[in-house]
Amino acid sequence: MIISASRRTDIPSFYAEWFINRIRAGYCCVANPFNPSYIKFVSLKPEDVDVIVFWTKNAKPLIPFLNMLDEMGYKYYFQYTLTGYPKIFEPNTPSQNESLQIIQTLADKIGKARIIWRYDPIIFSNVTSFFYHADKFSELVEALKNFTRRVMVSIFDEYKAAKNRMMELKKVGVEQISDPQNTDEFGNLFQTMASIARSADLEIFSCAEEIDISRYGIPPGKCIDNEYIKDVFGLDVCAHKDKSQRTECLCVESKDIGFYDTCLHGCEYCYATSNKEAVTRNVKTHRDDSPSLIGWYDEDFLELGSNIQMKLFNC
């Protein structure tokens with residue numbers, strides 16, 4: 001079993017203590033994102049977990065616990081997002097310089113093969129033009145080329161809530177470029193990015209991309225990648241596509257232990273946040289000693305290995 005921690009929120013940044021408490025307990029409880037009254041028991045025992053995939057923009061709070069994970073025999077790697085965007089898009093993420101320092105510290109500790117850099121999502125706007133991305137990507141490649149082997153890229157997807165937030169930015173002068181794929185600059189950018197990555201000996205893939213950019217030298221890839229896991233850890237894991245993800249996503253099956261509307265980075269483009277009020281409301285119900293990330297699910301009803309209906313008790 002592969003544990004995804006998490007596409008729905010930044011567990012390393014904001015919930016590291018909770019995650020480690022669940023590792024110590026050997027399980028967690030996860031609400032179905034579309035039916036929160038339905039709760040799954042997920043074993044986190046070392047013998048039940050093949051690999052943990054961490055998704056983050058700030059691994060610093062988790063780094064002190066990595067020795068413990070190593071000693072317990074867990075295998076893990078990071079999907080680490082760094083775009084260098086201005087604060088108007090990412091108000092609460094670490095600065096670019098701080099993020100680079102954290103990534104370098106992490107790579108020194110666990111090795112660059114266990115860090116996959118994400119330049120994601122790519123927003124085309126008057127603030128972040130095609131030329132902006134070419135320059136920023138080149139700058140970050142130069143800074144990260146010794147601390148990762150692979151970079152994943154994707155174009156901003158206009159999920160309803162994220163699209164509405166981006167439209168609100170018009171009030172402060174941010175205008176998205178409409179139909180960027182119909183411009184010459186679009187193809188030129190991705191050809192440039194592919195060339196920059198490969199000149200630095202980095203693999204480059206797209207993530208769940210509807211637009212075909214393979215013709216520009218960036219083939220579709222998997223973030224949770226059975227072949228990469230085999231290469232890095234020598235493990236054969238399930239190669240089936242994760243049916244819970246959208247069609248364009250090529251990731252293999254995993255169990256996500258996060259919860260939507262709980263990330264405090266406040267990124268305007270985030271698909272996992274419906275609104276900031278929901279985040280505030282949910283975070284108030286979080287406890288580091290709870291079996292579940294949000295709220296408290298009564299452990300008395302747990303039956304090992306079964307998926308059961310459980311009652312949510314608010315804190």
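The figures that follow rest on heavy atoms only: side chains count, while hydrogens, waters and symmetry mates do not.
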Check: Taking NZ, NE, NH1 and NH2 as the nitrogens, is one of them in Glu227 or Lys230 under 4.0 Å from a carboxylate oxygen of the other?
Finding: no

Next item on the list: Mind checking side-chain hydrogen bond (donor to acceptor under 3.5 Å, both in side chains) for Asn188 and listing every partner two or more places apart, or none if nothing turns up?
Entry: none

Note to self: Please determine whether the number of non-hydrogen atoms from other residues, nucleotides or ligands lying under 6.0 Å from atom NZ of Lys112 exceeds 12.
What the structure shows: yes

Next item on the list: Can you measure from CD1 (Ile11) to OG (Ser6) and round to the nearest 0.5 angstrom?
Entry: 4.5 Å

Next item on the list: On the 0 to 90° scale, with breaks at 30° and 60°, tag the Phe130-Phe124 ring pair as parallel, tilted or perpendicular.
Entry: tilted

Note to self: Is it true that Asp212 and Ser214 share a donor-acceptor pair across their side chains at a distance under 3.5 Å?
What the structure shows: yes

Note to self: Taking Gly295's backbone N and O only, do any of them form a donor-acceptor pair with Thr285's side chain (distance below 3.5 Å, no angle check)?
What the structure shows: yes

Item checked: Pairing residues for Ser125 by the side-chain contact (heavy atoms from CB on, under 4.5 Å) criterion, not counting sequence neighbours -> Phe89, Ile123, Val127, Thr128, Val174

Margin query: What I'd like to find out is whether the side chain of Cys223 reaches to under 4.5 Å of the side chain of Gln245, using heavy atoms alone.
Written below: no

Margin query: Ignoring hydrogens, what is the shortest heavy-atom contact between Ser43 and Met1? Give both atom names and the distance.
Written below: O-CE, 3.1 Å

Check: Are His265 and Phe14 side-chain neighbours, meaning at least one heavy-atom pair lies under 4.5 Å?
Finding: yes

Checklist line | Separation between CG of Leu44 and CD1 of Ile23, rounded to the nearest 0.5 Å | finding: 5.0 Å

Note to self: A quick test of your reading: do over 12 heavy atoms of other residues, nucleotides or ligands sit less than 6.0 Å from CG of Asn67?
What the structure shows: yes

Margin query: Using the rule given for side-chain contact (heavy atoms from CB on, under 4.5 Å), can you reason through Phe190 versus Ile155, listing the C-alpha separation, both sets of side-chain angles and the distance that settles it, and then say yes or no?
Written below: CA-CA 11 Å; Phe190 287 110; Ile155 301 164; 3.9 Å; yes

Next item on the list: Walk me through it: do Phe19 and Phe65 pass the test ring pair (Phe, Tyr, Trp, His ring centres under 6.0 Å)?
Entry: CA-CA 10 Å; Phe19 175 79; Phe65 299 109; 9.1 Å; no

Checklist line | Flag side-chain contact, heavy atom, 4.5 Å: Asn164 against Glu168 | finding: no

Check: Do Ile204 and Ile196 pass the side-chain contact (heavy atoms from CB on, under 4.5 Å) test, and can you show the C-alpha distance, the side-chain angles, and the key distance before you say yes or no?
Finding: CA-CA 10 Å; Ile204 183 168; Ile196 290 170; over 6 Å; no

Next item on the list: Report the residues that fulfil side-chain contact (heavy atoms from CB on, under 4.5 Å) with Thr247, sequence neighbours left out, ordered by chain and then residue number.
Entry: none

Notebook entry, point to check: Which residue, Pro12, Cys267, Cys263, forms the side chain to side chain contact (heavy atoms under 4.5 Å, CB included) with Lys57?
Noted result: Cys267

Note to self: Through direct or indirect side-chain contacts below 4.5 angstrom among Ile, Leu, Val, Met, Phe, Trp and Tyr, which residues connect to Val237?
What the structure shows: Ile2, Val51, Val53, Trp55, Tyr77, Ile116, Met152, Phe205, Ile224, Tyr228, Ile229, Val232, Phe233, Leu235, Val252

Next item on the list: State plainly whether the residues Arg149 and Asp231 are in salt-bridge range, i.e. N to O under 4.0 Å.
Entry: yes

Item checked: Atom pair CD/OG of Glu142 and Ser199 - distance to nearest 0.5 Å -> 9.0 Å

Margin query: A side-chain contact here means heavy atoms from C-beta on lying under 4.5 Å apart; do Glu158 and Met166 qualify?
Written below: no

Check: Closest approach of Ile257 and Val30, non-hydrogen atoms and distance?
Finding: CA-CG2, 3.7 Å

Note to self: Applying ring pair (Phe, Tyr, Trp, His ring centres under 6.0 Å) as the test, list every pair that has at least one member in residues 99-123; sequence neighbours left out.
What the structure shows: Trp117-Phe137, Tyr119-His133, Tyr119-Phe137

Next item on the list: Using the test side-chain hydrogen bond (donor to acceptor under 3.5 Å, both in side chains), find all partners of Glu209 that sit at least two apart in sequence or belong to another chain.
Entry: none

Notebook entry, point to check: Rounded to the nearest 0.5 Å, how far does CE of Met193 lie from OG of Ser195?
Noted result: 11.5 Å

Margin query: Would the distance check show the side chain of Ser138 and the main-chain N or O of Ala134 forming a donor-acceptor pair, the cut-off being under 3.5 Å?
Written below: no

Note to self: Applying side-chain contact (heavy atoms from CB on, under 4.5 Å), can you list everything that pairs with Ser244, at least two apart in sequence or on another chain?
What the structure shows: Asp242

Item checked: Shared hydrophobic cluster for Ile39 and Tyr260 (ILVMFWY, side-chain gaps under 4.5 Å) -> no

Margin query: Give me each pair satisfying ring pair (Phe, Tyr, Trp, His ring centres under 6.0 Å) with a member in residues 145-170, each pair once, sequence neighbours excluded.
Written below: Tyr159-Tyr271

Next item on the list: Return the orientation label for the Tyr80 and Phe78 ring planes: parallel under 30°, perpendicular over 60°, tilted otherwise.
Entry: tilted

Check: Can you find a pair of side-chain heavy atoms, one from His286 and one from Leu293, that are under 4.5 Å apart?
Finding: yes

Next item on the list: Taking Gln181 for its side chain and Ile211 for its backbone only, find out whether a donor-acceptor pair lies under 3.5 Å.
Entry: no

Next item on the list: Applying salt bridge (charged side-chain N to carboxylate O under 4.0 Å, His left out), name anything that partners Asp179, two or more places apart in sequence or on another chain.
Entry: none

Margin query: For a 4.5 angstrom cut-off between non-hydrogen side-chain atoms, does Cys270 reach Arg165?
Written below: yes

Check: Linking Ile, Leu, Val, Met, Phe, Trp and Tyr through side-chain heavy atoms less than 4.5 Å apart, which residues share a cluster with Met167?
Finding: none

Checklist line | Flag side-chain contact, heavy atom, 4.5 Å: Leu69 against Ile20 | finding: yes

Check: Under 3.5 Å, is there a donor-acceptor pair between the Asp261 and Ser274 side chains?
Finding: yes

Notebook entry, point to check: Would you call Lys87 and Glu268 a salt bridge, using N to O less than 4.0 angstrom?
Noted result: no

Next item on the list: Take Leu140 and Gln96 through the side-chain contact (heavy atoms from CB on, under 4.5 Å) test and state the conclusion after the steps.
Entry: CA-CA 9 Å; Leu140 292 174; Gln96 178 175 309; 3.7 Å; yes

Next item on the list: Examine Arg8 relative to Phe259 and say whether NZ or CZ is less than 6.0 Å from the centre of the six-membered ring and inside a 45° cone about the ring axis.
Entry: no

Note to self: Please give me the minimum heavy-atom distance between Thr56 and Ala59, naming the atom from each residue.
What the structure shows: OG1-N, 3.7 Å

Check: Between Thr81 and Asp120, is any side-chain donor less than 3.5 angstrom from a side-chain acceptor?
Finding: no

Next item on the list: Could you grab the distance from atom CG of Leu100 to atom CG of Leu144, nearest 0.5 Å is fine?
Entry: 5.5 Å

Notebook entry, point to check: Just checking, is any N or O donor in the side chain of Asp157 or Tyr269 under 3.5 Å from an acceptor N or O on the other one?
Noted result: no

Checklist line | Any residue meeting ring pair (Phe, Tyr, Trp, His ring centres under 6.0 Å) with Tyr74, in chain and number order, not counting sequence neighbours | finding: none

Notebook entry, point to check: Can you name the closest pair of heavy atoms from Lys109 and Ile63 and give their distance?
Noted result: CE-O, 3.9 Å

Check: Roughly how far, to the nearest 0.5 Å, is CD1 of Ile294 from CG of Asn282?
Finding: 5.5 Å

Checklist line | Connected-component partners of Phe131 among ILVMFWY, side-chain separation under 4.5 Å | finding: none

Next item on the list: Find out whether Cys249 and Lys241 are in side-chain contact, i.e. whether some heavy atom of one side chain is under 4.5 Å from a heavy atom of the other.
Entry: yes

Margin query: Between Thr9 and Thr262, is there a side-chain donor-acceptor contact under 3.5 Å, judged purely by atom types and distance?
Written below: yes

Notebook entry, point to check: Going through the distances and angles, do Asp289 and Trp296 end up as a side-chain contact (heavy atoms from CB on, under 4.5 Å)?
Noted result: CA-CA 9 Å; Asp289 59 346; Trp296 189 292; 3.4 Å; yes

